[in-house]
Enquirer: 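Sharing a structure here in structure tokens format.
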Amino acid sequence: MSDKFVVGLTGGIGSGKSAATALFQKHNIDIIDADEVARDVVAIGSEGLAKIAEHFGNDVLLENGSLNRAALRERVFHNDDEKHWLNGLLHPLIRNQMMTLIAESKSPYCILSVPLLVENNLTVMCNKVVVVDCPEEMQLARAVQRDESTEQTIKNIMASQATRETRLAAADYVLDNSASLAHLAAQVETLHTALLEQCSASI
Ligand code: ATP
């Protein structure tokens with residue numbers, strides 16, 4: 001672990017991670033977003049994309065040279081060996097890029113926002129873990145509305161993620177996002193103060 005104070009933030013689909021990180025950002029806290037990192041490591045010109053094209057061939061690329069995600073998904077979906085190969089490539093790249101961004105972070109602590117923090121054991125990179133939580137029916141309703149997805153699609157994603165209980169068991173702090181955004185903002189403010197105390201005590 002680096003000498004930086006890293007606060008992992010996670011939650012199931014539609015629980016309110018983006019809403020919570022936006023609130024931490026208002027307190028000038030650096031946010032490292034795993035979804036963004038995962039896109040960056042396969043961006044045009046990246047080592048990740050070059051290795052994927054070398055392994056799977058150019059039909060996993062779009063005409064402009066960027067990754068054809070649908071084609072890649074197709075290639076690994078029913079093939080565990082290929083899935084394993086891809087994860088073996090991407091996971092270290094993502095992890096290294098996260099470490100770089102953590103090292104570059106300038107705020108008193110930084111937030112590492114990772115949807116699958118618990119599932120992928122990335123809690124080991126964190127000094128503290130914050131779980132954004134709301135009832136599953138609310139996750140479902142908010143995600144369906146936001147993504148214009150079907151209930152079944154969101155339910156399938158929820159089933160592929162850790163259960164609410166497993167996630168909560170990994171939490172040092174829980175942000176209850178079952179009410180208004182103002183209610184969430186008030187909790188983030190209190191937590192921010194507590195984390196500032198924690199990180200200055202740990203130096
Ligand atoms: P994902 O894992 O899918 O990226 P997420 O955990 O980042 O989701 P958000 O995108 O923050 O979740 O929230 C899901 C949806 O619910 C968004 O449309 C957001 O505006 C809305 N939302 C979040 N919190 C609240 C709240 N307290 N009240 C009402 N709507 C909310």
Side-chain angles (χ1 to χ4, degrees), residues 6-43 67 69-70 72-73 77 87 90-91 94-95 97-98 101-102 105 107 109-123 125-126 128-195:
V6 181
V7 177
L9 184 142
T10 192
I13 182 168
S15 58
K17 293 178 294 297
S18 302
T21 52
L23 291 164
F24 279 102
Q25 222 160 9
K26 282 195 182 165
H27 292 284
N28 295 318
I29 294 302
D30 292 336
I31 311 294
I32 296 153
D33 183 316
D35 289 340
E36 265 174 43
V37 172
R39 280 193 293 274
D40 287 350
V41 300
V42 293
L67 183 62
R69 288 170 189 283
L72 182 63
R73 215 176 297 125
F77 193 64
N87 285 338
L90 294 180
H91 287 184
I94 292 170
R95 217 183 145 97
Q97 179 63 6
M98 283 175 172
L101 295 173
I102 289 169
S105 150
S107 54
Y109 65 91
C110 63
I111 296 272
L112 184 62
S113 177
V114 189
L116 300 181
L117 186 84
V118 173
E119 293 84 341
N120 289 339
N121 282 324
L122 291 173
T123 49
M125 290 174 75
C126 308
K128 294 287 171 193
V129 172
V130 175
V131 169
V132 185
D133 179 68
C134 68
E136 283 164 350
E137 317 79 80
M138 212 172 251
Q139 268 180 267
L140 182 61
R142 287 176 180 167
V144 165
Q145 197 180 26
R146 184 199 53 193
D147 300 346
E148 293 177 9
S149 291
T150 63
E151 278 205 7
Q152 196 53 52
T153 305
I154 303 297
K155 278 185 181 165
N156 291 345
I157 295 172
M158 286 170 68
S160 74
Q161 298 184 337
T163 63
R164 191 177 178 194
E165 291 66 34
T166 304
R167 211 180 289 111
L168 286 172
D172 295 298
Y173 300 98
V174 177
L175 291 171
D176 166 31
N177 192 26
S178 64
S180 65
L181 285 172
H183 181 246
L184 182 65
Q187 293 171 76
V188 167
E189 186 157 357
T190 306
L191 180 54
H192 172 63
T193 306
L195 289 169

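When a ligand or atom number is given, it counts from 1 through the structure's own listing order. When reading the values below, keep in mind they use all heavy atoms of this one structure, side chains included, and skip hydrogens, waters and symmetry mates.
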Enquirer: Are any side-chain N or O atoms of Thr10 and backbone N or O atoms of Pro115, one a donor and one an acceptor, separated by less than 3.5 Å?
Expert: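 Present.
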Enquirer: At the 4.0 Å heavy-atom cut-off, does Ile13 count as touching ligand 1?
Expert: yes
Enquirer: Considering only heavy atoms, does Ala19 approach ligand 1 within less than 4.0 Å through its side chain, its backbone, both, or neither?
Expert: both
Enquirer: Looking at ligand 1, does any of its N/O atoms fall within less than 3.5 Å of an N/O of Pro115?
Expert: no
Enquirer: May I ask you to identify the nearest protein heavy atom to atom 13 (O) of ligand 1, giving residue, atom name and distance to one decimal place in Å?
Expert: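 Protein heavy atom with the smallest distance to atom 13 (O) of ligand 1: Gly16 CA, 3.8 Å.
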Enquirer: In the complex you have, is atom 20 (O) of ligand 1 within reach of the protein, judged by whether a heavy-atom distance drops under 4.0 Å?
Expert: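 Given the 4.0 Å limit, the answer for atom 20 (O) of ligand 1 is no, no protein heavy atom qualifies.
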Enquirer: Would you confirm whether Lys128, through its side chain, and Asp172, through its main-chain N or O, come within 3.5 Å as a donor-acceptor pair?
Expert: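 Not a single qualifying donor-acceptor pair exists.
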Enquirer: Where is the tightest heavy-atom contact between Val131 and Ala171, given as atom of each residue plus distance?
Expert: CG2-CB, 3.6 Å
Enquirer: Between Arg142, Gln139, Met138, which one has a non-hydrogen atom sitting closest to atom 28 (N) of ligand 1?
Expert: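 The nearest heavy atom belongs to Arg142.
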Enquirer: Go through the steps to decide whether Thr193 and Thr190 satisfy the test side-chain hydrogen bond (donor to acceptor under 3.5 Å, both in side chains), and finish with yes or no.
Expert: CA-CA 5 Å; Thr193 306; Thr190 306; over 6 Å; no
Enquirer: Record the part of Ser180 in heavy-atom contact with ligand 1 below 4.0 Å; permitted values are side chain, backbone, both and neither.
Expert: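 For Ser180, only backbone atoms sit under 4.0 Å from ligand 1.
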Enquirer: Give the residue and atom name of whichever protein heavy atom lies nearest to atom 24 (N) of ligand 1, and the separation in Å to one decimal.
Expert: Asn177 ND2, 3.0 Å
Enquirer: Counting heavy atoms not belonging to Glu189, are there more than 12 under 6.0 Å from its CD?
Expert: no
Enquirer: At a 4.0 Å cut-off, with the gap strictly under it, does some heavy atom of Gly12 reach an atom of ligand 1?
Expert: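 The answer is yes, since Gly12 has a heavy atom less than 4.0 Å from ligand 1.
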Enquirer: Can a non-hydrogen atom of Gly14 be found less than 4.0 Å from any atom of ligand 1?
Expert: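 For ligand 1, residue contact (heavy atoms, under 4.0 Å) with Gly14 is present.
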Enquirer: Looking only at distance, does Arg146 have an N or O less than 3.5 Å from an N or O of ligand 1?
Expert: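 In this structure, Arg146 places an N or O atom under 3.5 Å from an N or O of ligand 1.
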Enquirer: Are the aromatic rings of His27 and Tyr109 close, with centres under 6.0 Å apart?
Expert: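 No - the distance between ring centres of His27 and Tyr109 does not fall below the 6.0 Å cut-off.
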Enquirer: Please say which of Leu9, Val6, Ile32 ends up in a side-chain contact (heavy atoms from CB on, under 4.5 Å) with Ile111.
Expert: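 Of Leu9, Val6, Ile32, side-chain contact (heavy atoms from CB on, under 4.5 Å) with Ile111 is met by Leu9 alone.
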Enquirer: Among all the protein's non-hydrogen atoms, which is closest to atom 2 (O) of ligand 1, and how far away is it?
Expert: Lys17 NZ, 2.6 Å
Enquirer: Can you name the closest pair of heavy atoms from Met158 and Ile13 and give their distance?
Expert: CG-CG2, 3.4 Å
Enquirer: Please indicate whether Arg95 has more than 12 foreign heavy atoms, meaning atoms of other residues, nucleotides or ligands, lying under 6.0 Å from its CZ.
Expert: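 For Arg95, atom CZ is not crowded (no more than 12 foreign heavy atoms under 6.0 Å).
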Enquirer: Residue-level breakdown please: for Ala179 versus ligand 1, do any non-hydrogen atoms fall below 4.0 Å on the side chain, on the backbone, on both, or on neither?
Expert: backbone
